[in-house]
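To start, the structure under review is shown below, and the notes come after it.
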Amino acid sequence: QLVGEVADMDGEAEMSPEDDELYDADDTDGEGVNKEGECKFEFIEDDTKEIDGHTLHRIKCITEFCNQEETIHVGDVGGYIEKRENLSDNAWVYNNAMVYGDAVILNSALVRDNAVVYGNAVVDDKAFIGGNAKVLADNINDKIIITDNSTITGNAGVMGKVVIAHNAIITGNAVIKGDGVEIKGDAQILDNVQIVSQATIRGNTTISGNAIIAGDAHIRGGYIQGRPFFGDGCYIAEGTRDYIVFENVGSRLDVLTAYKTKYGGVRISTGCFLGSIDEFKKAVEKTHEKNEKVKKEYFYIIDIIKNRFDL
């Protein structure tokens with residue numbers, strides 16, 4: 001049964017006279033209903049938004065239902081969605097939040113404030129998207145899944161192929177842009193952190209500051225802060241002893257990160273360099289052949305790294 005319509009005994013439908021201010025979308029085979037199969041919202045006429053060539057309509061509750069610990073009452077005005085398929089079960093969109101494209105908000109998920117969910121994103125279970133967060137799966141092969149008790153707030157952005165699950169929290173100005181990124185467990189991604197490519201973050205991991213996690217890095221547990229860079233092969237399984245960071249080093253006062261890899265070795269990243277300890281030592285000898293002070297500084301750092309990782 002469509003919102004704003006009542007079925008007669010022959011199965012035909014006619015407009016209800018009290019719905020002058022509301023209008024219908026196309027029949028979408030049950031989308032826009034709650035867990036009990038009842039139509040839960042209508043579109044409000046003349047309250048629309050245009051964004052990226054999509055027309056979004058503000059919703060209004062017509063059947064009371066519960067979402068997590070909140071009750072959505074008849075007459076409550078929600079946010080904006082493009083079509084009925086965007087919102088199902090006991091999920092709800094609040095305030096000025098926008099959901100469009102093929103994005104789907106399911107079960108008891110919440111999208112509120114000024115958050116935007118677009119493309120092929122799926123927000124499921126008790127996931128929460130709020131603040132100015134943007135969840136954008138705008139390429140045909142992108143697929144974002146946000147589920148369980150995950151929370152995305154602040155000015156965080158999520159793009160590409162990404163799975164965020166369990167009790168994960170993404171906030172601040174964090175950017176998740178992946179081709180297979182997974183953030184699960186009780187992981188917290190804060191501040192200006194960037195996570196890209198196929199990185200996997202799990203467990204009780206907290207990453208803050210301006211950290212960059214790239215490649216197929218795998219981090220499980222620990223508190224990571226500052227400006228480290230973790231690239232291909234990174235494997236941090238036992239907390240902060242699995243990496244070490246030096247700041248304001250070398251001729252460019254750069255950041256140098258050394259971390260364990262899943263291959264059993266140690267990699268160093270600094271500036272445009274990413275490689276083994278031996279490769280780094282050769283690069284230093286070649287680049288700083290005539291700068292004994294900088295070369296000596298790097299060699300001291302290499303000794304500290306070897307001591308840290310028992311090499």
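No hydrogens, no waters, no symmetry mates; every other heavy atom, side chains included, goes into these values. In this chain, residues are counted from 1 in sequence order.
Taking the six-membered ring for Trp and thresholds of 30 and 60 degrees, Tyr298 and His288 have ring planes inclined between 30 and 60 degrees apart. Aromatic ring orientation, Phe65 versus Trp92: perpendicular (interplanar angle above 60°, classes split at 30° and 60°). Ring geometry for Tyr100 versus Tyr118: interplanar angle of 30 to 60°, hence tilted.
Taking each heavy atom of Lys161 and Asp142 in turn, the nearest pair found is CG-CA, 4.1 Å. Contact record, Tyr259 with Asp232: OH-O, 3.6 Å, taken as the closest heavy-atom pair. The two residues Leu136 and Ile144 come nearest to each other via the heavy atoms O-CD1, 3.4 Å. The two residues Ile305 and Phe246 have their closest heavy-atom pair at CG1-CE1, 3.9 Å.
Of the charged side-chain nitrogens involved, at least one lies within less than 4.0 Å of a carboxylate oxygen, so that Asp216 and Lys262 count as a salt-bridged pair. Classification of Lys295 and Glu292 as a salt-bridged pair holds, one side-chain N sitting under 4.0 Å from a carboxylate O.
Linking Ile, Leu, Val, Met, Phe, Trp and Tyr whenever their side-chain heavy atoms come within less than 4.5 Å puts Leu87 and Tyr94 in one cluster.
Residue Leu256 holds its CG atom at 5.5 Å from CD1 of Ile301, rounded to the nearest 0.5 Å. The CD1 atom of Ile212 lies 12.0 Å from the CD1 atom of Ile207; values are rounded to the nearest 0.5 Å. Put simply, CD1 on Ile176 and CD1 on Ile189 are 5.5 Å apart, with the number rounded to the nearest 0.5 Å. Arg267 contributes atom CZ, which lies 7.0 Å from atom OG1 of Thr261 (distance to the nearest 0.5 angstrom).
Within the 3.5 Å criterion, the main-chain N or O of Asp102 finds no donor-acceptor partner in the side chain of Glu85. Panel note: side chain Arg58, backbone Asn95; a donor-acceptor pair is recorded below 3.5 Å.
Residues in residues 187-205 take part in these side-chain hydrogen bond (donor to acceptor under 3.5 Å, both in side chains) pairs, two or more places apart or across chains: Asn173-Asn192, Glu182-Arg202, Asn192-Asn210.
Between Val77 and Asp47 there is no side-chain heavy-atom pair separated by less than 4.5 Å.
A cation-pi contact, defined as under 6.0 Å to the ring centre and within 45° of the axis, links Lys281 to Phe299.
Between Asp89 and the options Ile105, Leu106, Asp124, a side chain to side chain contact (heavy atoms under 4.5 Å, CB included) holds for only Leu106.
Residues passing the salt bridge (charged side-chain N to carboxylate O under 4.0 Å, His left out) test with Asp186, sequence neighbours excluded: none.
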